[in-house]
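Below is one structure, written out as structure tokens; comments come after it.
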Number of protein chains: 2
Amino acid sequence: MTNADAISAAIGALADPTRRQIVNLLRAGPMSVGELAAGLPVSRPAVSQHLAVMTAAGLLSAAPQGNRRIYALDPSGIDGLRTYLDTLWDDALAGFAAAARAQERTER
Amino acid sequence: MTNADAISAAIGALADPTRRQIVNLLRAGPMSVGELAAGLPVSRPAVSQHLAVMTAAGLLSAAPQGNRRIYALDPSGIDGLRTYLDTLWDDALAGFAAAARAQERTER
DNA sequence: GCTTACCGTAAGTCATGACTTACGCAAAAG
DNA sequence: CTTTTGCGTAAGTCATGACTTACGGTAAGC
């Protein structure tokens with residue numbers, strides 16, 4: 001499944017602390033690169049590189065607007081991670097229940 | 001909020017490809033360290049180190065059983081990431097809707 | 001008792017990637 | 001047309017962490 005690659009890219013994109021800060025800033029709404037860089041402890045080119053990674057991962061969308069570029073969270077990309085964690089959570093619960101049954105069997 | 005640290009640790013733990021392979025193996029059910037290492041392209045100590053990281057992040061739980069250690073997915077740790085992505089998804093949708101309204105305003 | 005599985009830890013190597021400064025290009029401003 | 005603003009890209013540096021081999025320690029098997 002080529003879907004797994006998208007999940008890997010998205011999780012890898014969220015792995016960096018600076019990138020999660022960018023996500024946090026964008027939760028308030030779309031922003032330009034300069035505005036993002038002003039709220040971060042790194043240089044503007046560093047922000048540009050992070051934005052490129054996250055956009056490639058499908059987590060962000062870029063909208064050129066005149067001289068500037070407005071970045072925003074991409075709901076569809078985030079939804080991929082959401083469903084992945086949902087199914088993972090289901091499997092975890094199933095394994096937990098199976099272990100509980102096995103435990104009960106050995107205890108009597 | 002100290003909750004953000006848990007989220008960071010969990011996402012960071014899932015960032016490595018080998019660790020996601022471990023998660024995939026554990027989806028079928030709890031396994032010992034040796035069984036996990038047999039299904040992975042890395043050495044057994046490497047697997048041990050990964051398991052320690054993921055356990056510290058709250059994604060895995062370890063159960064000593066005789067001579068061996070059985071690792072399993074921890075539903076509660078996964079649930080933390082799940083709720084984080086849920087709220088992030090909500091914010092992304094809100095920003096998307098706001099951008100759509102602004103777009104409509106400028107287009108008429 | 002001794003040997004054999006099974007596992008965690010220590011120490012060291014090496015690649016990945018996050019950051020910087022320097023540069024080039026397109027759109028607004030004057 | 002010139003200047004300024006806003007970004008992206010290139011090149012190079014440096015730290016983080018994923019991996020290896022070697023070792024020590026505990027539970028089972030003989």
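When reading the values below, keep in mind they use all heavy atoms of this one structure, side chains included, and skip hydrogens, waters and symmetry mates. Just so we're clear, the structure is a prediction, and the values are computed from it rather than from any experiment. Throughout, a chain's letter reflects where its sequence line sits, starting with A, and its residues are numbered from 1.
Whole-Å rounding puts the A/Leu51 CG to C/dA18 P distance at 13 Å. The CD-C1' distance, from A/Gln49 to C/dA22, rounds to 13 Å in whole Å. Atom CG of A/Asp16 and atom C1' of C/dG17 are 9 Å apart (whole Å). Residue A/Ile22 contributes atom CD1, which lies 13 Å from atom C1' of C/dC19 at whole-angstrom precision. The separation between A/Met31 atom CE and D/dG6 atom P is 13 Å, rounded to whole Å. The distance from atom CZ of B/Arg19 to atom C1' of D/dA18 is 8 Å, rounded to the nearest whole Å. D/dC7 atom C1' lies 5 Å from atom CZ of A/Arg44, rounded to whole Å. In this structure, the CG atom of B/Leu40 is 13 Å from the P atom of C/dC7, given to the nearest Å.
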Check the pair B/Leu26, B/Leu36 against side chain to side chain contact (heavy atoms under 4.5 Å, CB included), reporting the backbone distance first and the verdict last. CA-CA 8 Å; B/Leu26 288 180; B/Leu36 285 171; 4.0 Å; yes
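Considering only side-chain N and O atoms, B/Ser32 lies under 4.0 angstrom from the phosphate OP1 or OP2 of C/dC7. For A/Tyr71, no side-chain nitrogen or oxygen approaches OP1 or OP2 of D/dG6 to under 4.0 Å. Look at A/Ser48 and you won't find any side-chain N or O under 4.0 angstrom from OP1 or OP2 of D/dT9. Within the structure, every side-chain polar atom (N or O) of A/Ser43 is placed at least 4.0 Å from both OP1 and OP2 of C/dC19. Considering only side-chain N and O atoms, B/Arg69 lies nowhere under 4.0 angstrom from the phosphate OP1 or OP2 of C/dC6.
Rounded to the nearest 0.5 Å, atoms CD1 (B/Ile11) and CG (B/Leu59) are 10.0 Å apart. Taking CG from A/Leu88 and CD1 from A/Ile7, the interatomic distance works out to 10.5 Å, rounded to the nearest 0.5 Å.
In the hydrophobic clustering of this structure, B/Val42 groups with B/Val23; members are Ile, Leu, Val, Met, Phe, Trp, Tyr whose side-chain heavy atoms approach within less than 4.5 Å, directly or through other members. Both A/Trp89 and A/Leu85 belong to a single network of hydrophobic side chains, linked directly or stepwise wherever heavy atoms of I, L, V, M, F, W or Y lie under 4.5 Å apart.
When each of B/Pro45 and A/Thr18 is assigned the nucleotide of DNA chain C with its nearest heavy atom, B/Pro45 is the one assigned upstream, toward the 5' end. Between A/Gln65 and B/Ala52, the residue whose closest nucleotide on DNA chain C is further toward the 5' end is B/Ala52.
Closest to the side chain of B/Ala46, from the set D/dT20, C/dC19, C/dT20, is D/dT20.
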